[in-house]
There are 2 protein chains.
Amino acid sequence: MVHAQELTKNQSLVLDVLSHTEGPLSAYSLLDQLRDKGFRAPLQVYRALDKLMEFGLVHRLESINSFVACTHGHDHKHGVIAFGICDTCGRVDEFCDAVVEERLKGWSKEHAFRLSKTTIEMRGTCASCLAA
Amino acid sequence: MVHAQELTKNQSLVLDVLSHTEGPLSAYSLLDQLRDKGFRAPLQVYRALDKLMEFGLVHRLESINSFVACTHGHDHKHGVIAFGICDTCGRVDEFCDAVVEERLKGWSKEHAFRLSKTTIEMRGTCASCLAA
DNA sequence: TCACCAATGTAATAACATCACATTACCCTA
DNA sequence: TAGGGTAATGTGATGTTATTACATTGGTGA
Ligand SMILES: [Zn+2]
Ligand SMILES: [Zn+2]
Ligand SMILES: [Zn+2]
Ligand SMILES: [Zn+2]
């Protein structure tokens, strides 16, 4: 696992914005927020995001082409992660379920499928938004 | 459920290409393959895909921005669907797992999250490609 | 000093998706 | 059978997301 001190300048800047934002951001939103820090091109953001995802500090939400800071501790070892994404307010909840993981790995084993990455995303409306 | 006879011309054309293709296609690949059928613009493809997905005849693969024809029978009632996607050959396997579905719905209930759509995609390498 | 490698900067382009508006086809019914 | 309503279609422009290509910088170790 990588610690904050080991991050490069651009990686730190991107992680900082994500960490201080409630909800996911697109790469281009990140770029806009980092223009006054000297960011000029999408690739600067994408490169930082790639590394941060490799380190497990950031996750990509495939169904909305956006990114969130990991809500687990930095030393948390990720298994299969699932996300609950509120389409109304953008709130994202990250969680792990050992049973789900076991079932999906079971399918992979049965089918001799070498699993490299699993995406689980639930879209819907969160409790707060339902109440409102 | 909708039967093939009820599909419009554009919907039939799109489904036809998808059904006769091994593996997923992007919207623009579909467009290219349908140019000689009179297709001229992306929206023609996206509109047809939207309806076909509504009918449950086509699924979107979020992690690769592509679409596949459903491999279940037309009258199959979809629960939560999971996909195994081979990054080497493009093969896609669609399956349902009642336990996974129950666990994810359980999380939603616990968190008072109104679930509208669930995405489960496993990326990796299929048995054939591993053997080769 | 030099070779090497990781990180960065920049412009251009590719890939994916939607908006806005006009037109056509079809069904229902007055 | 004319008129109104709705679904489907055609078309161009635009918006959004992601990658390619190439140049430059900065440190690390022989
Ligand atoms: Zn995490
Ligand atoms: Zn919400
Ligand atoms: Zn299906
Ligand atoms: Zn394969």
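Computed from a predicted model, the values in this text were never measured in an experiment. In what follows, chains carry the letters A, B, and so on, assigned in the order in which the sequence lines appear, proteins first and then strands, with residues in each chain numbered from 1. FYI, side chains are in, hydrogens and waters are out, and symmetry mates aren't considered; it's all heavy atoms of this structure.
- Between A:Phe67 and A:His59, the ring center distance fails the sub-6.0 Å criterion.
- A:Val99 shares a hydrophobic cluster with B:Val99; the chain of contacts runs through ILVMFWY side chains whose heavy atoms sit under 4.5 Å apart.
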Per-pair distances, 0.1 Å, donor-acceptor, side chain in residues 17-25 of chain B, under 3.5 Å, sequence neighbours excluded:
from, atom 1, to, atom 2, distance (Å)
B:Ser19, OG, B:Leu15, O, 2.8
B:His20, ND1, B:Asp16, O, 2.7
B:Thr21, OG1, B:Val17, O, 2.7

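- When the P atom of D:dA7 is taken as reference, atom CG of B:Asn10 falls 17 Å away, rounded to whole Å.
- As a whole-Å value, the separation of B:Leu13 CG from D:dA8 P is 15 Å.
- Rounding to whole angstrom units, CG of residue A:Leu31 and P of D:dT16 are separated by 13 Å.
- Residues A:Arg103 and A:Glu101 are not paired through a salt bridge, judged by the lack of any N-O separation under 4.0 Å between the basic side chain and the carboxylate.
- DNA chain C is contacted by both A:Lys51 and A:Ala41; A:Lys51 maps to the nucleotide lying nearer its 5′ end (nearest heavy atom per residue).
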Letter per nucleotide, 5' to 3', of nucleotides 12-27 of chain C [B base touched, S only sugar-phosphate touched, - untouched; heavy atoms, 4.0 Å]: ----BBBBB-------

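- Ring geometry for B:His111 versus A:Phe95: interplanar angle under 30°, hence parallel rather than tilted (30 to 60°).
- In this structure, the CD atom of A:Glu62 is 14 Å from the P atom of D:dT17, given to the nearest Å.
- A sub-4.0 Å separation between OP1 or OP2 of C:dA6 and a side-chain N or O of A:Thr8 is absent.
- Taking side-chain N and O atoms only, A:Gln44 has no distance below 4.0 Å to OP1 or OP2 of C:dT8.
- Contact annotation: the side chain of B:Ser63 approaches that of B:Ile85 to within less than 4.5 Å [non-hydrogen atoms, C-beta and beyond].
- One interatomic measurement links the two molecules: CZ of A:Arg40 to P of D:dT24, which rounds to 18 Å at whole-angstrom precision.
- A straight line from CZ of A:Arg35 to C1' of C:dT10 spans 12 Å, rounded to a whole angstrom.
- Using a 4.0 Å cut-off between charged side-chain N and carboxylate O, A:Glu54 and A:Lys51 make a salt bridge.
- Between B:Phe39 atom CZ and D:dG12 atom P the separation is 16 Å, expressed in whole Å.
- Residue B:Leu7 contributes atom CG, which lies 10 Å from atom P of D:dT9 at whole-angstrom precision.
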